[in-house]
There are 2 protein chains.
Amino acid sequence: MTEEPTITTIAQHAGVSIASVSRVLNGLPTKAETERKVMSAARELGYVPNSAARSLKSRRSNQIGFAMADIGNPVYLAMIREIQPIFKAAGYRLVLHSTDADTADEIDVLRGLGERYIDGLIMIPLRLTGEHLTMFAAARAPIVVIGSVPEDAPVDNVRTDSRAGVRLAVEHLHGLGRRRIGFVNGPLDTVPGAARSAAYAEALAALGLPYDPGLTQVGDFYRAEGARAAARLLDRVPDLDALLCANDLIAFGALDVLRRAGRRVPQDVAVAGMDDTDLATLAWPPLTSVSLGSAERGRAAAELLLDKLENTRRAPRVVTVEPRLVVRASTDPSRIPGEEAP
Amino acid sequence: MTEEPTITTIAQHAGVSIASVSRVLNGLPTKAETERKVMSAARELGYVPNSAARSLKSRRSNQIGFAMADIGNPVYLAMIREIQPIFKAAGYRLVLHSTDADTADEIDVLRGLGERYIDGLIMIPLRLTGEHLTMFAAARAPIVVIGSVPEDAPVDNVRTDSRAGVRLAVEHLHGLGRRRIGFVNGPLDTVPGAARSAAYAEALAALGLPYDPGLTQVGDFYRAEGARAAARLLDRVPDLDALLCANDLIAFGALDVLRRAGRRVPQDVAVAGMDDTDLATLAWPPLTSVSLGSAERGRAAAELLLDKLENTRRAPRVVTVEPRLVVRASTDPSRIPGEEAP
DNA sequence: TTGTATGCGTTATCAC
DNA sequence: GTGATAACGCATACAA
């Protein structure tokens with residue numbers, strides 16, 4: 001019992017060859033008698049196939065990787081919730097990589113594809129460098145990138161139209177009569193940071209509002225720094241009447257600051273986030289947010305990867321998820337819970 | 001470039017034997033000239049070692065598993081946030097298992113230990129069956145269980161004194177002058193459900209309060225069902241003046257219901273949760289919660305497992321994390337943010 | 001220091 | 001149907 005049983009052990013106990021053991025274990029046609037002997041020996045010895053040996057032979061690990069910046073962000077969590085069961089049902093295990101938004105780390109993960117410990121990878125690079133693209137091209141296993149990627153990149157791609165998303169939010173705030181619409185963004189050298197920055201300027205222009213650089217503050221994508229950035233903005237633009245945040249976490253930080261500053265949300269300052277995480281309905285007031293379809297993107301990515309694993313030679317595909325504005329009380333006072341008409 | 005390079009390929013290109021290649025790659029003493037040739041060939045060919053072959057030889061996968069009921073619960077997220085970097089730094093990858101609180105699934109994971117695709121496992125069983133204990137005893141790789149486990153189980157164990165935690169909360173509510181203290185719990189056949197149920201009764205008794213079965217409602221551990229259970233409770237006990245919830249998610253559901261019912265928190269009903277998740281500070285009002293040290297438990301589990309991997313023969317250890325009451329506005333009106341004295 | 005040869009546990013291809 | 005036997009890619013004991 002203390003020795004790790006292998007097919008050789010089973011073969012000895014059952015008095016057959018290892019080939020027969022392997023056949024029985026893999027459901028290939030065998031005489032009933034042989035099958036019985038093998039199965040009972042296997043059960044008795046507590047045999048479990050060794051995955052390393054199996055992988056070496058089969059050239060498949062039955063694992064897929066998921067690489068994101070930080071497991072602490074609920075957006076990624078929403079994706080994992082979709083991805084995990086899909087792969088589990090398909091017989092794959094999920095290997096997690098939290099890269100801390102570090103490019104070198106992401107490249108490491110891509111290099112890891114060559115080790116063949118995963119059969120495929122879903123990745124969300126926060127910054128997309130030439131090195132990423134080189135590795136994509138050289139990769140020996142299928143990759144799905146969530147987030148925009150150049151047209152000719154040899155990877156499947158799930159994207160969301162964050163430009164349209166930002167526009168939805170800005171138009172909504174404008175429609176509420178707000179004219180001093182601030183913007184708290186994450187780093188401009190990140191894929192989402194850059195896209196949302198451009199989209200913000202564009203949306204203002206489309207509405208005939210002037211673009212005022214003083215209305216933007218840049219921090220990172222987390223609550224604490226979001227709070228600091230919002231505080232800076234509030235300090236410099238006292239007559240701010242609306243605030244768009246590049247993600248929900250930033251918006252939560254902004255809500256903290258506005259509350260401490262005694263500004264009423266939404267009456268004084270309307271606040272909108274992006275990602276529409278679970279937490280939006282928990283915040284006070286509940287947060288208006290642009291859904292970028294995290295769950296859908298996760299599901300799409302998983303399905304693309306699964307398909308590609310079975311259909312290796314097909315051309316790269318792009319799936320786009322449409323953003324959707326979810327209006328809650330942080331911009332619309334009539335939606336404050338508990339204050340509806342009975 | 002299209003053929004997967006192996007040490008054999010490198011050996012050919014460098015004009016040396018595969019043994020030399022292996023030595024160079026593993027930093028064993030070699031002539032400088034040989035080393036140079038091998039390294040340059042390896043780089044040129046884009047060689048990456050095959051992890052299956054390496055695992056087969058070394059009998060180590062450099063992966064560790066983390067099995068929890070549901071990746072959607074922020075408690076587990078808090079743990080992963082601690083666990084992941086610790087193992088990453090130690091050269092291990094993290095394989096995730098979301099078992100849906102399904103015992104059969106958990107047993108599968110334990111059986112998977114035999115496949116040797118992970119070198120160790122951190123597990124949080126929601127229910128602990130005899131089958132679990134059998135598998136623990138038979139396991140061929142170290143296991144750390146988060147959550148209580150019998151004394152003689154051959155696994156490391158990280159626990160929290162949830163009994164003391166419940167008592168802290170009940171005493172706090174009692175100290176606020178509340179006497180009708182309801183309890184919304186998760187399933188009684190789960191480890192935490194059973195423990196918290198007993199602890200609740202005990203704490204009441206210690207305070208000389210009568211135990212009224214009507215004051216308890218059982219649902220599951222999620223927000224939606226937490227809301228329904230709280231609604232049932234409110235319906236049957238109109239004079240409820242305090243509510244202890246078995247975890248934060250349940251408490252969030254309860255807050256939703258109380259708000260819709262027009263009950264002021266904490267003035268009419270004081271609400272406390274357990275786990276002290278990140279989300280507690282996001283809720284409105286911010287949630288008083290019993291911290292069960294999720295981060296500490298995650299860290300402790302990771303460190304125990306890492307230690308056991310290097311020190312295979314040592315006896316099982318138990319680490320206990322003390323609960324701590326974190327008082328916020330959902331029980332203490334003086335702490336409502338934005339209403340402090342300036 | 002280097003090369004040859006063997007084994008890790010499987011699967012798969014042969015003859016029998 | 002079944003049993004030898006050869007890979008899979010790597011690490012290493014041993015011989016040179």
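Per chain, numbering begins at 1; letters A, B, ... match sequence-line order.
Among dT2(D), dC10(D), dG9(C), the nucleotide with an atom closest to any side-chain atom of A53(B) is dC10(D). Checking dT2(D), dG9(D), dT1(C) against every side-chain atom of K31(B), the shortest atom distance belongs to dT1(C). For R59(B), the listed nucleotide lying nearest its side chain is dG9(C); candidates were dG9(C), dG9(D), dG3(C). Distance from the side chain of R54(A) is smallest to dT11(C) among dC8(D), dC10(D), dT11(C).
For Y117(A), no side-chain nitrogen or oxygen approaches OP1 or OP2 of dG9(D) to under 4.0 Å. Contact annotation: N26(B) side-chain N/O to dA11(D) OP1/OP2 distance is under 4.0 Å.
Only I18(A), A19(A), listed by number, bring a heavy atom of residues 8-21 of chain A to less than 4.0 angstrom from any atom of DNA chain C.
Taking atom CG on L25(A) and atom C1' on dT2(D), their separation rounds to 16 Å, with Å as the unit. Computed from coordinates, the R60(A) CZ to dA12(C) C1' distance equals 16 Å when rounded to whole Å. Spacing between atom CG of L56(A) and atom C1' of dC10(D) amounts to 8 Å, rounded to whole angstrom units. At whole-Å resolution of the value, CZ in R116(A) and P in dC10(D) are 12 Å apart. Atom-to-atom, CG of L28(A) to C1' of dT10(C) comes out at 13 Å; the value is rounded to the nearest Å. dC14(D) atom P lies 14 Å from atom CZ of R23(B), rounded to whole Å. Between I7(A) atom CD1 and dA12(C) atom P there is a gap of 11 Å when expressed in whole angstrom units.
In this structure, T34(A) reaches the sugar-phosphate backbone alone: every heavy-atom distance under 4.0 Å involves primed, P, OP1 or OP2 atoms, never a base. Across all strands, P29(A) comes closer than 4.0 Å to no nucleic acid atom at all (heavy-atom distances). Across all strands shown, S22(B) has heavy atoms under 4.0 Å from base atoms, whether or not it also approaches the sugar-phosphate.
Counting only heavy atoms from C-beta outward, the side chains of R140(B) and V48(A) never approach each other to under 4.5 Å. Here the side chains of D108(B) and D102(B) are not in contact, with every heavy-atom distance at 4.5 Å or above. Between I122(A) and I146(A) there is a side-chain heavy-atom pair separated by less than 4.5 Å.
Between V21(A) and the options I10(A), T9(A), T8(A), a side chain to side chain contact (heavy atoms under 4.5 Å, CB included) holds for only I10(A). Checking each of L305(A), L110(A), L304(A) against I143(A) for a side chain to side chain contact (heavy atoms under 4.5 Å, CB included) leaves exactly one that passes, namely L110(A).
Under a 3.5 Å cut-off, the side chain of K308(B) and the backbone N or O of R314(B) do form a donor-acceptor pair. Judged purely by atom type and a 3.5 angstrom limit, N157(A) uses its side chain to pair as donor or acceptor with the backbone of G147(A). Between the R159(A) side chain and the V149(A) main chain, a donor and an acceptor come within less than 3.5 Å of each other. N26(B) places no side-chain N or O within 3.5 Å of a backbone atom of L28(B) that could act as its donor or acceptor partner.
No donor-acceptor contact under 3.5 Å links the side chain of K57(A) to the base of dT10(C).
Counting heavy-atom neighbours within 6.0 Å of E33(A) CD, excluding the residue itself, gives a total above 12.
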Next item on the list: Could you summarise the pairing of DNA chain C as dot-bracket text, marking Watson-Crick and G-U pairs under 3.5 Å with ( ) or [ ] inside the strand and | across strands?
Entry: ||||||||||||||||
